[in-house]
Amino acid sequence: MTTPWWSARAIAACALVALALTGCTAADGTGPSAPPGSAASGTIPASTPTPTAQPEAVIVVASVDADGKAVTTSGYVNGIIEDGGSCAYTLSSGSAEVTTTTVGQADTSTTSCGQGITPIEKLSRGTWKVVLSYTAVSQRTVVSEPVSVEIP
């Protein structure tokens, strides 16, 4: 007597399922135990904590508007996610300083400082350095690297 080809496949599939189930634990708790540290053993190994990055302020835009009437600045703070901190875009050239402030707003992964608009008449011609300073609700202050903007 010969076994039909589909029966041989069914028997092979059942054997594979039975083999796979041999590692399972019975309802009464008997059966092979899971290796220590696996999720199945009930204990998950402690992971090494990833060091948290220091917060950093980042300037995204610092440029004279196309109409030449203002300097637009924008930026964000990595490592802090909160509403209500104070953002200050400070433009400096020699001893002159002009600051525009905005309020920080939390987004999904940073604190956005939005746009600062500084009227061009407050600035003289030449190269100005722009720095973003963020003072968190906790009073911690983070300062960006300076970027340059040329006032025509």
Side-chain angles (χ1 to χ4, degrees), residues 13-152:
C14 288
L16 285 174
V17 169
L19 181 61
L21 292 176
T22 58
C24 295
T25 303
D28 65 357
T30 61
S33 62
S38 70
S41 71
T43 60
I44 298 175
S47 61
T48 306
T50 305
T52 56
Q54 291 294 322
E56 78 174 316
V58 178
I59 295 175
V60 177
V61 173
S63 65
V64 177
D65 292 349
D67 63 8
K69 294 182 180 180
V71 171
T72 297
T73 48
S74 69
Y76 63 92
V77 181
N78 260 333
I80 299 174
I81 304 171
E82 66 181 10
D83 287 326
S86 176
C87 302
Y89 296 103
T90 302
L91 290 82
S92 60
S93 177
S95 61
E97 262 190 16
V98 178
T99 300
T100 302
T101 60
T102 62
V103 176
Q105 295 182 335
D107 63 22
T108 57
S109 60
T110 65
T111 297
S112 173
C113 285
Q115 286 188 340
I117 306 294
T118 305
I120 201 84
E121 57 268 2
K122 291 186 175 185
L123 309 169
S124 60
R125 289 178 185 231
T127 302
W128 288 70
K129 297 288 182 189
V130 182
V131 174
L132 168 59
S133 300
Y134 179 74
T135 303
V137 174
S138 67
Q139 298 303 306
R140 178 178 187 175
T141 300
V142 181
V143 181
S144 73
E145 293 293 321
V147 298
S148 295
V149 63
E150 189 69 30
I151 308 301

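Every heavy atom of this structure was used, including side-chain atoms; hydrogens, water molecules and symmetry mates were not.
What you find for Thr110 and Val77 is that their closest heavy atoms are CB-O, 3.3 Å. Closest approach of Val143 to Ser133, counting heavy atoms only: CG2-OG, 3.9 Å.
Every residue two or more places apart in sequence or in another chain was checked for a side chain to side chain contact (heavy atoms under 4.5 Å, CB included) with Val103, and none qualifies. The side-chain hydrogen bond (donor to acceptor under 3.5 Å, both in side chains) check on Ser144 picks up nothing, with sequence neighbours excluded. For Thr101, there are no side-chain hydrogen bond (donor to acceptor under 3.5 Å, both in side chains) partners at least two apart in sequence or on another chain. For Ser95, there are no side chain to side chain contact (heavy atoms under 4.5 Å, CB included) partners two or more places apart in sequence or in a different chain. For Ser92, there are no side-chain hydrogen bond (donor to acceptor under 3.5 Å, both in side chains) partners at least two apart in sequence or on another chain. Every residue was checked against the side-chain hydrogen bond (donor to acceptor under 3.5 Å, both in side chains) condition with Ser93, not counting sequence neighbours, and none meets it.
Note: Ile81 CD1 to Ser112 OG = 12.0 Å, rounded to the nearest 0.5 Å.
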All N/O donor-acceptor pairs, side-chain side in residues 119-128, below 3.5 Å, sequence neighbours left out:
| unit_1 | atom_1 | unit_2 | atom_2 | d |
| --- | --- | --- | --- | --- |
| Thr127 | OG1 | Glu150 | OE1 | 2.5 |
| Trp128 | NE1 | Ser124 | O | 2.8 |

Could you go through residues 58-75 and list every donor-acceptor pair under 3.5 Å that involves a side-chain atom there, pairing it with any protein atom two or more places apart or in another chain?
| unit_1 | atom_1 | unit_2 | atom_2 | d |
| --- | --- | --- | --- | --- |
| Asp65 | OD1 | Thr72 | OG1 | 2.5 |
| Asp65 | OD2 | Thr72 | OG1 | 3.3 |
| Asp67 | OD1 | Lys69 | N | 3.0 |
| Thr73 | OG1 | Gly116 | O | 3.2 |

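The disulfide bond (SG atoms under 2.5 Å apart) contacts involving residues 117-150 comprise nothing, where partners must be two or more places apart or lie in separate chains. Among residue pairs with one or both ends in residues 99-152, those qualifying as disulfide bond (SG atoms under 2.5 Å apart) are Cys87-Cys113; sequence neighbours excluded. For the side-chain hydrogen bond (donor to acceptor under 3.5 Å, both in side chains) condition, the pairs that include at least one residue of residues 79-90, sequence neighbours left out, are Glu82-Tyr134, Thr90-Thr99.
Side-chain atoms of Thr111 come within 3.5 Å of backbone N or O of Ile80 as a donor-acceptor pair.
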